[in-house]
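Only one structure is covered here, and it is reproduced in the block below.
Quantities reported herein were computed from a predicted structural model and do not represent experimental measurements.
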Amino acid sequence: MSQRQNGYKPDPELLPLIKEGFNSIEDGRVSEHDLIVEELFAHLEKMASENPDPDLMLQMEADRCEGAGDWQGAEAAYQQALDRAILSGTEARQYKALSNLSGLHALLDNEAKAIELARAATGAARNANLAMLLSMALEQQAACELYFNLASEALTAADEALRLVESGTMHDLRRGRCLVLRANCRMASRDQRAAGVDLDAAWQYLEPWSASQMAAGAHSALGSWWSIKARIQAAQGDSFAAEAWEGAIRHRRRVAATPQVTGVYTQNALAKTLWAYGQALHAAGRTSQADQVSAEAETIREQIGLPPLSERRRRI
């Protein structure tokens with residue numbers, strides 16, 4: 001497939017940075033990778049200010065609206081981006097726009113719309129005929145389906161996402177993310193043993209990135225890893241599982257503080273993890289500490305314009 005067809009337009013000035021970034025991943029040079037990522041983002045910001053791209057401007061408008069709790073404004077910006085992507089005939093752009101809309105509706109608990117859009121994003125990625133893009137789409141689809149308690153459908157999507165991950169060190173981080181996602185799906189399907197196997201397999205790919213300051217994807221996966229670990233321990237009789245929950249919160253805080261991804265989604269992920277820890281503390285009879293942790297979760301939700309988690313009946 002040509003670059004024009006899949007929507008990829010490389011910038012010659014970025015290519016050396018991108019190449020070195022890939023090399024740092026393959027060689028396991030985490031600290032150098034962080035520096036390269038910082039330089040790359042600085043370059044992208046400069047490009048955006050000098051030659052503003054309409055799609056980027058719409059993304060910035062959506063970010064601004066989300067930060068202000070203007071969900072209708074954010075949806076309008078994402079819809080404009082989708083309309084532009086459809087007119088372009090570029091499947092990769094359609095995937096991105098559909099993915100953004102799905103994420104917004106999931107954040108707002110609009111179940112049917114979130115799932116419909118996530119599956120449409122997967123369809124667009126499949127049409128783009130790019131394995132990595134399809135794996136990413138399936139990852140989001142599975143996470144969305146899992147969030148709305150469609151465990152069987154989520155497991156099917158997670159399995160395919162993992163199968164699409166290419167071999168080699170370059171793809172180990174994505175492999176680890178997909179293994180954690182499948183472990184989460186297996187826990188939801190009450191297959192604790194298989195979930196533990198996936199967690200063990202994922203650790204070797206994720207743990208080397210623990211020291212990174214910029215690898216938000218790795219820390220997000222590690223946050224999920226520790227959350228699932230805590231649930232496995234609870235199933236084995238340790239309702240408190242303090243070390244596991246504290247590990248989950250530590251990584252979620254790291255993600256929420258990472259400049260390139262900070263916003264309502266990472267803050268909400270932190271709030272949900274805190275809330276789940278609070279429930280574990282309540283189950284262990286540690287009421288005072290549980291109330292403190294739960295209160296922080298609700299404060300975060302209030303700050304980003306979302307209703308209290310105590311009003312939600314779905315599993316967090």
Side-chain angles (χ1 to χ4, degrees), residues 28 135-136 138-169 171-212 215-255 269-270 272-286 290 293 314-316:
S135 180
M136 291 168 59
L138 286 161
E139 183 182 3
Q140 179 174 354
Q141 177 185 325
C144 183
E145 290 169 338
L146 184 62
Y147 179 67
F148 291 114
N149 298 316
L150 300 177
S152 176
E153 294 90 334
L155 181 56
T156 298
D159 270 333
E160 185 180 359
L162 182 59
R163 289 197 303 272
L164 286 166
V165 179
E166 298 177 47
S167 60
T169 308
H171 306 283
D172 280 352
L173 180 53
R174 167 145 293 280
R175 196 178 341 276
R177 285 177 57 90
C178 288
L179 281 164
V180 169
L181 175 61
R182 191 172 70 176
N184 209 358
C185 295
R186 285 175 162 173
M187 278 297 291
S189 301
R190 302 184 185 280
D191 192 346
Q192 176 187 324
R193 185 202 62 79
V197 170
D198 277 345
L199 284 191
D200 289 343
W203 184 251
Q204 63 181 310
Y205 303 124
L206 298 177
E207 195 279 333
W209 291 94
S210 295
S212 170
H219 286 291
S220 177
L222 284 162
S224 294
W225 193 98
W226 283 109
S227 293
I228 300 164
K229 185 72 170 179
R231 288 160 54 201
I232 289 176
Q233 290 176 355
Q236 295 172 342
D238 181 3
S239 60
F240 185 26
E243 182 180 356
W245 280 120
E246 288 165 5
I249 291 168
R250 181 174 66 255
H251 287 289
R252 288 297 178 191
R253 289 195 195 280
R254 179 75 65 84
V255 176
L270 171 59
K272 290 192 295 180
T273 303
L274 286 163
W275 181 261
Y277 182 34
Q279 300 309 294
L281 288 166
H282 272 297
R286 303 173 71 101
V293 171
R314 298 189 184 94
R315 176 181 57 79
I316 300 300

Atom OG1 in Thr273, atom CZ in Arg253: separation rounded to 0.5 Å?
10.0 Å
Test of understanding: with salt bridge (Lys or Arg N to Asp or Glu O under 4.0 Å), list the residues that count as partners of Glu160, not counting sequence neighbours.
Arg126
What pairs meet the ring pair (Phe, Tyr, Trp, His ring centres under 6.0 Å) rule with one or both residues in residues 172-206, with sequence neighbours excluded?
Trp203-Trp225, Trp203-Trp226
If I compare all heavy atoms of Ser135 with all of Ala161, which pair ends up nearest, and what's the gap?
OG-O, 2.9 Å
For Ser220, side chain to side chain contact (heavy atoms under 4.5 Å, CB included) partners two or more places apart
Arg177, Arg252, Val255
State, to 0.1 Å, how close Gln204 and Pro208 come at their nearest heavy-atom pair, and which atoms those are.
O-CD, 3.4 Å
Could you list the residues that satisfy salt bridge (Lys or Arg N to Asp or Glu O under 4.0 Å) with Arg254, not counting sequence neighbours?
none
At their closest point, which heavy atom of Ala221 faces which heavy atom of Val180, and how far apart are they?
O-CG1, 3.8 Å
Residues forming a side chain to side chain contact (heavy atoms under 4.5 Å, CB included) with Ala283, sequence neighbours excluded:
Ser239
Any idea which heavy atoms bring Leu222 and Ser210 closest together, and the distance?
CD1-OG, 3.6 Å
Could you tell me the separation between the CG atom of Leu138 and the CG atom of Leu164, rounded to the nearest 0.5 Å?
6.5 Å
Non-hydrogen side-chain atoms of Ile228 and Ile232 separated by less than 4.5 Å
yes
Nearest-0.5 Å distance that lies between atom CG in Leu181 and atom CG in Leu155:
9.0 Å
For Glu166, what residues pass the side chain to side chain contact (heavy atoms under 4.5 Å, CB included) criterion, not counting sequence neighbours?
His171
Is Glu243 salt-bridged to Lys229, going by a charged N under 4.0 Å from an acidic O?
no
Looking at CH2 of Trp245 and CD of Gln279, how far apart are the two atoms once the value is rounded to the nearest 0.5 Å?
9.5 Å
Return yes if some donor-acceptor pair links the side-chain N/O of His219 with the main-chain N/O of Ser212 below 3.5 Å, else return no.
yes
Closest approach of Ala188 to Ala151 (non-hydrogen atoms, all atoms of both residues):
CB-CB, 3.9 Å
Who passes side-chain hydrogen bond (donor to acceptor under 3.5 Å, both in side chains) against Glu145, sequence neighbours left out?
Arg119, Gln141
With Thr156, which residues qualify under side chain to side chain contact (heavy atoms under 4.5 Å, CB included), at least two apart?
none
Partners of Arg163 by side-chain hydrogen bond (donor to acceptor under 3.5 Å, both in side chains), sequence neighbours excluded?
none
Arg175: what forms a salt bridge (Lys or Arg N to Asp or Glu O under 4.0 Å) with it, not counting sequence neighbours?
Asp172
Nearest-0.5 Å distance that lies between atom NZ in Lys272 and atom CG in Leu274:
12.0 Å
What's the shortest heavy-atom distance between Ala202 and Gly176, and which atoms?
CB-O, 3.7 Å
Residue pairs involving residues 185-194 (criterion side chain to side chain donor-acceptor pair (under 3.5 Å); sequence neighbours excluded)
Arg186-Asp198
